[in-house]
Every structure is written in C-alpha cells, then in structure tokens.
Amino acid sequence: MVGFMASIAEQPSSSSPQSHTSLNIRDDSTDCPQPSYVTVNGLEFDTSCGVDILYPEVGNQVQPSMPWCMDLCSWYQPVCYGVTYYTQNQTCSLKGLGVNSTFFSTTDSDNVNVNSALANVTQMAPLDTSCPYQNNSIIESSRGMPFHILCDQDMGGYGDYFPWGVTNRPHTDTMMECMELCAQAHPLCVGVSWNADLTAGYGNCYLKNSQNGVPFTPSSYVTHSGLVQMPVTNSCSTSDPKQLTSNGKTFNVTCFEARAGSNNFTSVYSANITGCVDECAAYDGPESCLAVFYDNTCADGFDNCYLLNATGTQTVPRNCTYAELASGNPSGSSPSPSPSTSAVPSTSTEPSPGASSSDSSSGGSSSKAWIAGPVVGVVAAVAIAFAGFLWWRRRQQPYEEENKFVPVNQGKQMGSPDLHELPRYPVSEMAASEPRHELPTD
C-alpha cells in the first residue's frame with residue numbers, strides 16, 4: 001500500500017482522462033464481479049476478488065465501482081492492461097504493460113477492501129495494419145456517409161468526442177466498423193481515426209467532431225483516418241411547395257417550424273425534404289408515421305430526417321422543415337412509393353423577426369431547442385445500435401453483468417427523463433488538459 005500511495009502522489013492529475021458521467025446501466029450490486037467482466041466496448045477481464053496487484057500504475061482515478069474502473073481501463077492512455085480497485089476510497093489504480101498474476105499480493109494485510117482484474121492480452125494484439133482502402137479515395141458507409149480516406153495519417157488537432165449515449169471509446173476490428181459508428185453518431189461526427197495496431201489501447205476508434213486540424217504521419221504507431229465529406233442538403237425556402245404528395249398521402253410542409261412534445265421513432269439520411277417525406281410515406285413498420293422533421297443543417301447527426309409518431313405543438317422557429325400528414329393512412333403501406341409531387345405554390349412561414357440569424361441558418365447549439373423532441377428517439381436508436389454492435393463484439397461471452405445503453409439524462413445516473421422534456425445534451429468533450437488525440441507522440 002505504501003508504493004501505491006506514493007505513485008498517487010507522483011501522478012499529475014492532468015495526465016489522466018476526464019472523469020465521465022455514464023449513460024449506461026452497470027450492475028454494481030457486487031464490488032467484484034466474478035469470475036469475469038466484459039467492458040462496454042468488449043474488453044474481457046478476469047477478476048480476482050480480495051487481491052492486490054503490486055505493480056506500478058500508469059494512472060489512477062476515483063471511480064464509483066470496479067466495473068467502472070475496468071471500463072476506464074479499456075480506453076485509458078497510457079495503455080492499461082489491468083486494474084486494482086480500492087473499495088474504501090473508490091480509487092481505481094490502472095496498471096500498464098507487463099502486469100500479470102505473478103504480481104498478485106499474498107499478504108493478507110494488503111488484500112483488505114481491494115479487488116483486481118487483468119485484461120485479456122490476446123485481445124490487445126495488433127490488427128491488420130495495412131490501409132484497407134486506397135489513399136485519397138472516397139468510401140461510403142452503409143448509410144451513405146462519404147469519407148475521404150487518409151492512409152497512415154492521424155488527425156492531430158481534431159476534436160475527439162463521445163456521442164450522446166456513449167461513455168467509452170469504442171473498439172472495432174475494421175476501419176469500416178469505425179466509420180459506421182461515426183455515421184450513427186449524434187451530434188454529428190465529422191471524421192474518424194482508427195488505430196490499427198492498438199498502440200493506443202483497446203478503444204481504438206476515435207470519433208471526431210471537428211475538422212480544424214492538420215493530418216500528420218506518425219512514425220511509432222499505425223493509424224488510418226477518414227474525413228467526412230458532407231453532402232449538400234437543401235434548405236427550406238419560399239420556393240418550396242406548401243404540400244407534397246407521396247404514395248397516395250398528402251403532407252403539409254412548413255419552413256422553419258419547430259415542435260414541442262414531438263417524438264421520433266427512427267431517423268434516416270435525406271438530401272431534401274422531398275426524400276424525407278417519401279421515407280415517411282413508404283414506412284411500413286409497426287409505428288404510425290404522422291410527420292417528419294428535416295434538419296437542414298445535419299448538426300445533430302448524419303441521419304437528418306426524423307420520422308415522428310407524435311407531432312406535438314408548434315414552438316419557436318428553427319432551421320428545420322416540418323411536414324405533417326394531412327390525408328392518407330398513417331400506417332405502413334407499400335414499400336415502393338411513387339415520388340413526391342408538389343401541389344400548391346409555397347406560402348410557408350419565414351423566420352419571425354425575433355429569431356436570430358443563428359437560429360435560422362446555423363446548425364450549432366441553438367438547434368437543440370427544436371430537436372429536443374426528435375432526439376429522444378434518436379438517442380434511443382443510436383443507443384440500441386451501439387449496444388447491439390458492442391454485444392456482437394463480445395462474441396457472446398457469458399458473464400453475469402450486462403451493460404446496455406439507455407437514453408437517460410446526463411445529469412442522472414439511472415432512470416429516463418420524460419420523453420417530451422428531454423434537456424439539451426452537451427457534447428462530451430475530452431478534457432482540455434489532455435492531448436486531443438491520445439495516441440503516443442513521436
């Protein structure tokens with residue numbers, strides 16, 4: 001314990017990742033999960049209850065439970081291969097390369113209120129480090145999100161972030177899987193860096209929310225990057241039709257109309273409001289598509305067409321387009337609709353004089369006010385997609401504790417807010433004191 005306390009004193013607090021608030025439900029019913037634990041991003045740990053590890057640490061943080069401690073280890077920098085969790089003061093001691101069971105303490109006095117775990121080192125083996133695509137090519141995700149491929153380049157100065165509902169850096173076996181996660185992310189993800197050799201740890205998929213940086217070629221690790229080339233979307237204007245007809249259904253279209261109390265059940269990408277209406281008209285699932293929100297800016301995610309099963313009420317103008325079903329059966333019908341057609345020249349409402357220019361033309365933080373209703377369903381959809389993907393990544397490894405993403409308020413640890421009262425979600429930025437990209441520096 002003396003060595004442990006000394007190492008805490010020597011570890012500057014600024015070198016550790018920012019403590020994070022989880023949106024995931026963890027089973028903390030036991031201080032030491034037995035006999036194993038799988039982190040949210042899929043790293044397996046063998047746990048040893050009532051055992052200390054007498055090995056130098058690479059960092060430490062206060063964490064509310066041992067599962068949180070192991071989750072932190074899965075994406076910590078420098079690379080973490082094991083943990084010791086001291087239950088009395090909730091300190092998570094992170095162990096580096098070389099730690100193994102030979103460093104377990106055999107002294108009873110060292111093993112009071114302490115539990116340890118070792119990561120599965122076979123999962124830390126380098127992946128195929130060759131660039132999976134041609135350099136400078138444009139590769140699309142399954143959702144159609146285009147990425148400009150930069151082989152053997154890291155994205156220095158670009159913003160690492162955690163999307164809504166994600167609290168651990170993801171692990172993917174392929175660059176495409178990393179790009180798929182970016183395409184699903186809310187708010188908008190604009191790039192990825194994929195650390196193929198796992199030099200930066202098991203969490204090797206770095207999602208970006210900024211392109212204000214300079215790519216560079218590292219010499220001590222292998223990373224391939226992809227910058228999102230956002231397609232042009234059509235903003236709402238007075239030249240747009242007042243009504244659209246698709247698949248035998250008529251929708252009333254209004255520019256710059258936000259809604260309070262609305263709720264979406266899914267979202268897709270669309271280049272314009274016409275395509276978004278077509279998606280609603282063609283929907284043949286269990287929900288009733290009553291209206292759509294079309295985010296003209298894509299600020300809250302690449303999937304910018306939100307299908308609504310509750311319309312709510314009109315509220316302050318924002319930079320979006322709203323189309324509500326006026327006639328036709330709201331339930332699902334033919335999966336191959338006829339294209340939308342306009343019916344009446346537009347007399348749609350322009351932004352009120354009181355609305356700022358940033359409200360009507362920017363996709364920044366102001367957009368959260370109008371998107372608050374639709375985002376509830378989006379966060380749930382993203383959470384389910386991420387959870388399903390990461391569950392698959394675990395390869396059906398049995399263990400006692402399950403971790404599932406749920407759309408909960410970031411200010412709370414458990415429970416879900418009312419669907420119509422979802423607060424504005426902050427972007428989970430990385431700590432300012434850390435390097436923006438946590439790979440080793442040359």
Side-chain angles (χ1 to χ4, degrees), residues 1-22 24 26-124 167-169 171 198 200-203 394 397 399-401 403 431 434 438:
M1 292 297 291
V2 174
F4 167 69
M5 294 305 295
S7 63
I8 289 181
E10 295 169 358
Q11 179 72 24
S13 59
S14 62
S15 66
S16 298
Q18 178 184 6
S19 296
H20 56 275
T21 301
S22 176
N24 309 314
R26 292 174 174 85
D27 182 2
D28 292 329
S29 59
T30 175
D31 290 331
C32 184
Q34 297 186 63
S36 62
Y37 177 79
V38 181
T39 64
V40 172
N41 61 9
L43 182 59
E44 301 167 1
F45 281 84
D46 288 330
T47 57
S48 297
C49 304
V51 175
D52 199 351
I53 300 179
L54 304 182
Y55 192 81
E57 64 178 16
V58 294
N60 64 78
Q61 278 193 17
V62 173
Q63 291 292 321
S65 70
M66 189 175 178
W68 285 63
C69 181
M70 290 182 282
D71 282 335
L72 175 64
C73 179
S74 72
W75 62 276
Y76 191 84
Q77 279 292 299
V79 185
C80 175
Y81 289 84
V83 301
T84 296
Y85 185 71
Y86 299 88
T87 59
Q88 191 168 19
N89 57 9
Q90 295 186 313
T91 299
C92 174
S93 175
L94 303 147
K95 311 298 183 179
L97 180 64
V99 65
N100 56 58
S101 60
T102 64
F103 295 97
F104 284 179
S105 170
T106 58
T107 304
D108 290 342
S109 60
D110 287 339
N111 299 332
V112 178
N113 297 319
V114 58
N115 303 302
S116 298
L118 296 175
N120 182 353
V121 293
T122 61
Q123 292 183 268
M124 306 291 287
T167 58
N168 295 285
R169 183 170 296 112
H171 170 87
L198 301 188
Y202 188 72
R394 296 172 186 172
Q397 176 71 23
Y399 63 103
E400 293 183 358
E401 297 189 321
N403 301 277
E434 309 174 56
E438 298 173 82

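Keep in mind it's a predicted model, so treat the numbers as computed, not measured. Numbers here are sequence positions counted from 1.
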Quiz item: Between Asp46 and Tyr37, does any side-chain donor sit less than 3.5 Å from a side-chain acceptor?
Solution: no
Exercise. In a single word, yes or no, tell whether Cys92 and Cys73 have an SG-SG distance below 2.5 angstrom.
Key: no
Quiz item: Do we see a donor-acceptor contact under 3.5 Å between the side chains of Ser74 and Asn41?
Solution: yes
Quiz item: Do Thr47 and Met70 come close enough that some side-chain heavy atom pair is under 4.5 Å?
Solution: yes
Quiz item: Taking the side chain from Tyr55 and the backbone from Leu97, do they hold a donor-acceptor pair closer than 3.5 Å?
Solution: yes
Exercise. Using atom types as modelled and distance alone, determine if a side-chain donor or acceptor of Thr107 lies under 3.5 Å from a backbone N or O of Ser109.
Key: no
Self-check item: Donor-acceptor contact present, side-chain Tyr85 to main-chain Ser65, <3.5 Å
Solution: yes
Practice problem: Examine the side chains of Tyr202 and Gln123 and answer whether a donor and an acceptor come within less than 3.5 Å of each other. | Solution: yes
Practice problem: Ignoring hydrogens and angles, state whether a donor on the side chain of Asp52 or Tyr86 is under 3.5 Å from an acceptor on the partner side chain. | Solution: yes
Self-check item: Where Lys95 and Ile53 come nearest, the two heavy atoms and their spacing
Solution: NZ-O, 3.5 Å
Self-check item: Side chains of Ser48 and Ser116, donor plus acceptor under 3.5 Å
Solution: no
Quiz item: Under 3.5 Å, side chain of Ser93 to main-chain N/O of Thr84, donor-acceptor pair present?
Solution: no
